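Only one structure is covered here, and it is reproduced in the block below.
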Amino acid sequence: IFPKNNKALAAHWREKGEHFRKAEGPDFDLADTLDVSLEYPSNLTKLDWNARALLDPPALRSVVFSAAVGYKKEYFNRFVTSIRGHYHGDVFLLIAESAPNDIKELLAQHNIQFLTTTEEGGEHFSRAWKLINQVRWDFYQKMCQESSYDLCMAIDFRDSLFQDDPFQQLMGTPNGNELHLYQHHKKMNRWHLQKAFGCKGTNEALKGKHIINAGGFIAAPAVVTQLAWIAQDYGKKCDDQVALNLAVYSNMLNNTKVTSHSQGEGSINNIGYGAKYRLDSRRRYLNHNCFPSPTVHQFDAVNKN
């Protein structure tokens, strides 16, 4: 914005001191009317510290997917309104073939795509529930294709809320081998160590480590393929979450840049089972940096040990 007649909207008052030997007053007269000319380029050139032009990075191609088999419409209402309030990219859900039409219509209204499975799901820790935990990895691989996406987010359906775009903190040029994992506040317990021994015949790598939650992660397509193989191979012997922890803490992932975020940091905040968290005046869950957690997981387990 340049006022006419060599006048300024704001002037620097030059006073005697460190920068001026004597008082010289304002460096420009102040504009006393709104008679100004606007001169602003349509494409602003940005420079780095060496005065080299910076190119805008390509838009991040992202997708969110979740296994939503066997849940009632109330769960779908909460999930789709939550995610569409903050994220406008691709979303895929795995649902039961027998899901009622009103659920499918709800997904269509919110531009959420779905695939179906003949599996029906079941109660927590039931055989049917464990089967879905295996089936979902085939779904993840199918959805997370390098030709379509740079980063893919998998998140548990029943107990997750969105408060911001989960990819907002990950904008930039993807490197093709990223893996972002999100820890619990708690460390491995006897159950994890026993399961790990059944998986691999050893549990040394897990002792004293924080639990990494398998219900939510962000990864490049090539990494999702690795995770799926590990979860389905080792997971059949024990549990896909224990299998994921073994893979990370035993350095089983090839050519992968792993970032394991502490609870309350990054895109997913696992707030259940004794986690530390706080709420703001709008009742939003906050990360430890006092900004809203983009994704909140296990909100229904905040008072459980």
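In this text the structure is predicted, and so the values were computed from the model without any measurement.
- Evaluation of the side-chain contact (heavy atoms from CB on, under 4.5 Å) rule for D150 yields L60, R61, P174 as partners, not counting sequence neighbours.
- Side-chain N/O atoms of D165 and H86 include no donor and acceptor closer than 3.5 Å.
- Applying the 6.0 Å contact sphere to CG of N189 captures more than 12 heavy atoms from other residues, nucleotides or ligands.
- Under 3.5 Å, the side chains of Q298 and N269 contain no donor-acceptor pair of N or O atoms.
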Run the numbers on D240 and Q232 for side-chain hydrogen bond (donor to acceptor under 3.5 Å, both in side chains), then give the verdict.
CA-CA 7 Å; D240 66 343; Q232 291 178 317; over 6 Å; no

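- With sequence neighbours left out, the side-chain hydrogen bond (donor to acceptor under 3.5 Å, both in side chains) criterion links T256 to Q226.
- Under the rule for a salt bridge (charged side-chain N to carboxylate O under 4.0 Å, His left out), R78 has no partner lying at least two apart in sequence or in another chain.
- In this structure, R14 places its CZ atom where more than 12 heavy-atom neighbours from other residues, nucleotides or ligands lie under 6.0 Å away.
- Here F162 and F79 bring their ring centres to under 6.0 angstrom of each other.
- Aromatic ring orientation, H184 versus Y273: perpendicular (interplanar angle above 60°, classes split at 30° and 60°).
- Between W137 and F217, the gap from one ring centroid to the other is short of 6.0 Å.
- Remark: the E178 side chain and the H180 side chain contain an N/O donor-acceptor pair separated by less than 3.5 Å.
- Cluster annotation: M252 is connected to V258 through the hydrophobic network of ILVMFWY side chains, with a link wherever side-chain heavy atoms come within less than 4.5 Å.
- K22 has its side chain within reach of E24: a pair of non-hydrogen atoms, C-beta onward, lies under 4.5 Å apart.
- Taking the six-membered ring for Trp and the full ring otherwise, the centers of Y182 and H261 sit less than 6.0 Å from each other.
- Ring centroids of F299 and Y285 are separated by 6.0 Å or more, keeping the two rings apart.
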Pair D156-R136, salt bridge (charged side-chain N to carboxylate O under 4.0 Å, His left out): steps then yes or no:
CA-CA 10 Å; D156 281 351; R136 65 178 176 171; 3.2 Å; yes

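- Here the shortest heavy-atom pairing between S260 and Q183 reads OG-NE2, 2.9 Å.
- Ring-centre distance between Y87 and F167: below the 6.0 Å cut-off.
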Take D90 and F65 through the side chain to side chain contact (heavy atoms under 4.5 Å, CB included) test and state the conclusion after the steps.
CA-CA 8 Å; D90 289 351; F65 39 67; over 6 Å; no

